[in-house]
Protein chains: 4
Amino acid sequence: MAEVKVKVASGAKEAAARPRARQVKAASKDADLVREKRGQLVAAAVRVFKEKGFHDTSVRDIGREAGMTQGTIYNYVGSKDDILYLVCDQIVSEYQEETRKALDNSADPRTRVRSAVRAICEVMVKHQDEVLLTYQDSHLLDARSRRVIFARVEEFVGMFETILTEAARELGRPLPDPHFAANAITFFPTMLVLRRWSLKARHRQSELIEWLVEFLVRGLGFE
Amino acid sequence: MAEVKVKVASGAKEAAARPRARQVKAASKDADLVREKRGQLVAAAVRVFKEKGFHDTSVRDIGREAGMTQGTIYNYVGSKDDILYLVCDQIVSEYQEETRKALDNSADPRTRVRSAVRAICEVMVKHQDEVLLTYQDSHLLDARSRRVIFARVEEFVGMFETILTEAARELGRPLPDPHFAANAITFFPTMLVLRRWSLKARHRQSELIEWLVEFLVRGLGFE
Amino acid sequence: MAEVKVKVASGAKEAAARPRARQVKAASKDADLVREKRGQLVAAAVRVFKEKGFHDTSVRDIGREAGMTQGTIYNYVGSKDDILYLVCDQIVSEYQEETRKALDNSADPRTRVRSAVRAICEVMVKHQDEVLLTYQDSHLLDARSRRVIFARVEEFVGMFETILTEAARELGRPLPDPHFAANAITFFPTMLVLRRWSLKARHRQSELIEWLVEFLVRGLGFE
Amino acid sequence: MAEVKVKVASGAKEAAARPRARQVKAASKDADLVREKRGQLVAAAVRVFKEKGFHDTSVRDIGREAGMTQGTIYNYVGSKDDILYLVCDQIVSEYQEETRKALDNSADPRTRVRSAVRAICEVMVKHQDEVLLTYQDSHLLDARSRRVIFARVEEFVGMFETILTEAARELGRPLPDPHFAANAITFFPTMLVLRRWSLKARHRQSELIEWLVEFLVRGLGFE
DNA sequence: GATGAATGAGCTTTCATTCAT
DNA sequence: GATGAATGAAAGCTCATTCAT
């Protein structure tokens, strides 16, 4: 079987520097076609995984949703696990890309931080099902894939570490531990997803986000 | 086959008031025996689930770890899914029970809150594998079971809501949204588990907890 | 899955000395049952392999012939390859055992050799389908299994080497290469099987065997 | 789809007389092209079959080795089984052709027979992998193809029957069964291949062949 | 009540073959 | 004539569950 390894498209320039981006096998050599079909595949997989989870979804299910037979799927992907990897990769990429775009580098450091946190929250809410999916299924990735995905998130955290450090400097309120702080502000908003069964019943989304933003700003000591 | 429904043992008195506590089928009529065997079963299941996850663990695996054969297991439990339910139930119960015990109702409200948050963090760290397990596998529960487990957590959150409201009153700094605040302080510490791949590399556990405590206290505006 | 390795029963005492007799996985712990079921399995497999060959026989086919479902088969065997190994092992064992029993250690060395060759031929003819099967499918064994089977045949050849050497000594006609000679007399009779499409049309079995015996005796220079 | 049946090229004139030479379907109408492409195909297939066997070789594998895509292959051949037939056909043809050429029709009947046997052995050794391939995979042919191949071998045996009969007459030592004898001398040398795992370890090739030649000559009673 | 053999549905994956381009 | 994407049947294997002993 002729095989070709196609690097997974990734939205960031730093991708090149990332450890070893996992390769996914494709039987087809037409890179454009591979990209296209994988796109359909991943989109379909996200839909069914959201509903049934990775393990309770069969390759046939994915195929049905994507309008491909299983045989076809295996032209573009080496295994079911590859699909999960592509799904996680895409979700993380999209989430991060969108967050990046929503950042507001206006002058005031307080405003900058607030807007950054708000951006995270809003993208989180918008993609809540996908985020939930990664929290529920990413541990099913093989060790290598998981490391790649985590490395990607780590980069994302690093970006916020820079933002916070800069703001802290400008405000004259040095952060004792910027890495921890960056983890805090990128992680905390997942509460909107992982606790939505508790929060949804009692709060409106917009309020939640404002509350969260203020909570984090205070937590950082930037108020 | 004579069957009997045995209420799942739960550490709290309020259990009776919980919506509809899920029943788990047992073929055996001896309630004590059922309790004992389920205890062994759950303990064994936790161990193997932590290592391999629910889906990659077979009923045989659980049986081997518990010293029971498959047939025996089905005397005390109706299905593999039941075991997952019992496991989640026990983990949540133990976690909550232990946290409750660690609360310090000393006079000073600030100290009280700090100690409460620290208690959560410490139990979280102590049971990190079990907590991770619930975050990874609880979505595999059927809707009913999930609701029961969530209701249990909601109770727990409610307890902290009370603590926070009381402290806020004493401090004269009213919380705009105690339910949200209670979710915040009970959820945030999960970062120690769900981001441990990022945090472990760079921070010592004790520092992390102190940082977290102060972050939350500031976030609450109790500082 | 609880597993037990059961040594494949082998007819010869020397088995213990054989390199590393291949182990075959069994999920069942009851050694007697394993033996019994494997017996049925192998018998059924021989029948279908003879007809369709290893590759064109599915595990389901074997199961149907053996009166077991595939699930059951995998209680007694680790893989389809294991079945092939067991089949080859049994065929070789039976063939050799039967040949051994047919040996006539009478006084006259010429008669002894003749009877040995005749024994080989007769058992060969009796088990021609099975012998054919090993010649057609044994190359599908994994390297390890093949080595074990070959080692078994080598032993068999060795036995004849001894017989021939002894006879040669008694006759005062030393064999230049007893190992080669032993290979010759154990291999040549396979012609009855591997060329049966040519021989059957024109010759009667009994004549063939006599011809073969005399051919070999002359070839050895024992005439 | 226009189809044309192309007779398989065969090296011997007698081919026309052979029962019913199997036809192999070709989508292409250009007989020369078909011959050429099939040549490439067969050569490639022999190489991969030798290594992995028929069943473990996919049509893609053959195509890759032959520098053709799957689609192209099916322009020149009707099925994967056809390829096996062509492969067996070619191997047998080449083997026989080469042996024929090596025959030495010198005057002395003993020398003639010796040289004939030696020729068989030498070609056998030279083509051992191909010969092994036919012994391992020819049973995968459909009945018709197998019959055709066997008929071809029967012709070959017939040729040696003539040689032996003639020699026997000249020597004044009539052979009781020339057909059997011809089978014996054409089959016995396969020992060099089918027992090579036993012989290679202990003997040098040239010695083996000499031993074999003498063994057969004695067996025939021509010594 | 305990056992573990039996079941069979269901899984992922491969691959010979077809056919639109 | 060449391509290779698509197909879908069929394979080996696993495992939750049942039930006779």
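Everything quoted here is computed from the prediction, not taken from an experiment. Letters A, B, ... are given to chains in the order of the sequence lines, protein chains preceding strands, and every chain is numbered from 1.
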So do the side chains of [X] and [Y] get within less than 4.5 Å of each other, counting heavy atoms only?
X       : Y        : answer
A:Lys37 : A:Asn75  : no
A:Phe49 : A:Ile62  : yes
B:Val24 : B:Tyr76  : no
D:Tyr85 : D:Ile149 : yes
C:Asp56 : D:His55  : yes
B:Lys50 : B:Leu132 : no
C:Val42 : C:Ile83  : no

Send over the distance from [X] [atom1] to [N] [atom2], rounded to a whole Å.
X       : N      : atom1 : atom2 : result
A:Asp32 : F:dG4  : CG    : P     : 15 Å
B:Lys25 : F:dA16 : NZ    : P     : 17 Å
D:Leu84 : E:dA16 : CG    : C1'   : 14 Å
B:Arg64 : E:dG4  : CZ    : P     : 13 Å
C:Gln40 : E:dA6  : CD    : P     : 9 Å
A:Asp61 : E:dC11 : CG    : P     : 7 Å
C:His55 : F:dG12 : NE2   : P     : 9 Å
B:Ile83 : F:dC15 : CD1   : P     : 14 Å

Electrostatic pair B:Asp142:B:Arg22 at N-O distance under 4.0 angstrom: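 Counted as a salt bridge, because a side-chain N and a carboxylate O are separated by less than 4.0 Å.
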
First encountered from the 5' end of DNA chain E, between A:Asp56 and B:Ile73: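 Final value for this comparison: B:Ile73.
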
Contact nearer the 5' end of DNA chain E, comparing A:Arg60 with C:Leu33: C:Leu33

Tell me whether the OP1 or OP2 atom of [N] has a side-chain N or O from [X] closer than 4.0 Å.
X       : N      : answer
A:Tyr76 : F:dA5  : no
C:Tyr74 : F:dT14 : no
D:Ser58 : E:dC15 : no
A:Thr72 : F:dT7  : yes
B:Asn75 : E:dA2  : yes
A:Ser28 : F:dA5  : yes

Any N/O donor-acceptor pair, A:Gln70 side-chain to F:dT7 base, under 3.5 Å: no

Earlier contact from the 5' end, DNA chain F, for C:Lys80 and A:Met68: A:Met68

DNA chain F: 5'-proximal contact among A:Lys37 and C:Thr57 (nearest heavy atom):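 Nearer the 5' end of the strand: A:Lys37.
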
Lys/Arg cation over aromatic C:Tyr74: C:Lys80, 6.0 Å, 45° cone: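 No, C:Lys80 and C:Tyr74 do not form such a contact.
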
Dot-bracket encoding per residue of DNA chain E, Watson-Crick/G-U cut-off under 3.5 Å, | denoting interstrand: .||||||||||||||||||||

Sub-4.0 Å heavy-atom contacts from residues 43-52 of chain C onto DNA chain E, ordered by number: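 Close to the strand, none.
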
Nearest-neighbour nucleotide for the A:Thr69 side chain, F:dA16, E:dT13, F:dG8 considered: F:dG8

Salt bridge (Lys or Arg N to Asp or Glu O under 4.0 Å) between B:Asp82 and B:Lys25, intermediate numbers included: CA-CA 8 Å; B:Asp82 279 352; B:Lys25 224 189 279 178; over 6 Å; no

